[in-house]
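First comes the structure, then the notes that go with it.
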Amino acid sequence: MPAGLPDHLPHFVDGERRNSADGDTFEVADPVSNRPYATASAGRARDVDLAVAAARRAFAEGPWPLMTGRARARVLYRIADLIEDREARLAEWECFDTGLPITQALGQARRAAENFRFFADLVTTQTDEAYQVPGQQLNYVNRKPAGVAGLITPWNTPFMLESWKLAPALAAGCTVVLKPAEFTPLSASLWADIFAEAGLPRGVFNLVNGIGEEAGAALVSHPGSKLISFTGESATGQTIFRAAAPHLKALSMELGGKSPVVVFDDADLDAALDSALFGVFSLNGERCTAGSRILVQRGSYDDFVARLAARAERIVVGDPHDPKTEVGALVHPEHYQRVLRYVEIGRREATLVAGGGRPEHLPEGNYLAPTVFADVPPTARIFQEEIFGPVVALTPFDDEAEAIALANDVRYGLAGYVWTSDLARGHRVAHAVEAGMVWLNSHNVRDLRTPFGGVKASGLGHEGGRRSIDFYTEEQAVHVALHPVHTTRFGS
Ligand code: NAD
């Protein structure tokens, strides 16, 4: 257990740590021992009320929403530096709480710092539109922070995904209430001190711990939260959509995925293999953009399956804190059982060629050997449903049309990966894949300026770059007459 771990994780409201109004708590366990190591305050409607009220006060009274972009950016740059100063501890806590391998947790900490720098850069260079109707009218956009943003985040890479919402929301001048995932609330407890040290005014950042159906639902249905940015499962997204409807709230939804990797015979097969393995087994396979369906052209299929299975068998599964570990422990016993059920379903639906259960050397903890199924029919549940663990489905195809049809034959549309040395075909297939993001001859590396998000059941709205700022701001159009205008006279 890392040194200095708190044994209780309270809320953070109006600049103070506080317990739930009713004093209730829930237990938080680590995924290696599955033993509780701390309690967290179980937030409910009353706690969300207090947090939203604090955020509303900080929004109405300022100074945060009225500060210049430059002044807010100075705070955001300090936040980025403070995250980096703490990156070792942050990675260690994240690794302990989530089961993510330590080297990957460190990468996520650095990405979190980068998110703050990026959105600080963006608001200092932001320009807005202005139009002239010569001699008659000047029109311009007055961009305003939207208000109190409710941020609801999942348990995979929690700190980084929180930063993905906090950085643009704060850069835009919003005040926020964060509801982190109940499986992994530990790293979120670091935000309060980081923000205070960086000089974020009191009440701008508020955090309510608790389970989704209580704390999360209260935040969604609270009339004081103007918008909700949510990342999580598609089914939860649907629930939130319904709950937000009576309030007509702005919603940004980053949801589940079942992304295809399409490998043509003419691809650089070594590169495709490296990328396919990393794409589905990094972050324990608990990755929204995981390439969890690998479609391989018939001429290379048998060879690709054999090589992928052999490499999967050699992946180092073990203690997340060991720098040699490539796949750690799945986040929670409930999730582990769910993934294991899919492995059993897969055994009936397809051919198991690697993994398929707990590694022998790891009798305890939520460990699963990287699992590979071949000859998976598109009707199989392991082809259609998001498993969110180290499990991959391989399916052969004959030609481009079949590859596209298979790629699109699921309800999700988050990411896609295409491997071919035929440039024209690469673009053609990329355009035809129903996905918010496609990588051609590459795994998932993303420039922060580009849109991020899914289509179909994978999401609504895109964040990333200026789109995130658009979400957290309102664009008011101001029309100014330059001369007396002719108005059709009524009533005289
Ligand atoms: P989840 O939907 O169970 O929970 C996400 C968050 O929503 C948690 O904080 C939870 O407490 C809260 N929540 C649950 N029910 C709620 C309700 N009724 N009202 C309000 N809030 C509620 O998701 P998870 O299991 O934590 O995360 C895994 C999922 O997230 C996967 O489907 C994955 O693909 C998806 N994900 C998507 C992206 C993306 O960018 N598209 C990124 C990461 C993860």
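Whatever order the structure lists them in is the order used to number ligands and atoms, beginning at 1.
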- prompt: So Trp191 and Phe12, ring-ring contact (aromatic ring centres under 6.0 Å, His included) or not? Walk me through it.
  reply: CA-CA 10 Å; Trp191 287 119; Phe12 184 76; over 10 Å; no
What is the closest protein heavy atom to [atom], and at what distance does it sit?
atom                    : answer
atom 11 (O) of ligand 1 : Glu182 OE1, 2.5 Å
atom 44 (C) of ligand 1 : Asn156 OD1, 3.3 Å
atom 8 (C) of ligand 1  : Thr153 O, 3.3 Å

Polar proximity ligand 1 side, Glu233 side, N/O cut 3.5 Å exclusive: yes
field: Heavy atom of Phe452, distance to ligand 1 below 4.0 Å
entry: yes
- prompt: Does some non-hydrogen atom of Ala217 fall short of 4.0 Å from ligand 1?
  reply: yes
message: Going by the closest heavy atom to atom 27 (O) of ligand 1, which one wins out of Pro154, Cys288, Pro185?
response: Pro154
statement: If you compare Thr157, Ile228, Thr236 by their heavy atoms, the one closest to atom 2 (O) of ligand 1 turns out to be Thr236
query: Please walk me through it: do Trp155 and Phe388 pass ring-ring contact (aromatic ring centres under 6.0 Å, His included)?
result: CA-CA 11 Å; Trp155 47 258; Phe388 219 57; 5.3 Å; yes
task: Check whether any side-chain heavy atom of Gln108 sits under 4.5 Å from a side-chain heavy atom of Leu90, and report yes or no.
output: no
query: With under 30° as parallel and over 60° as perpendicular, where do the rings of His427 and His431 fit, or are they tilted in between?
result: perpendicular
message: Over 60° means perpendicular and under 30° means parallel, so tell me whether His321 and Phe96 are parallel, tilted or perpendicular.
response: tilted
task: Flag atom 4 (O) of ligand 1 as yes if some protein heavy-atom distance to it falls below 4.0 Å, otherwise no.
output: no
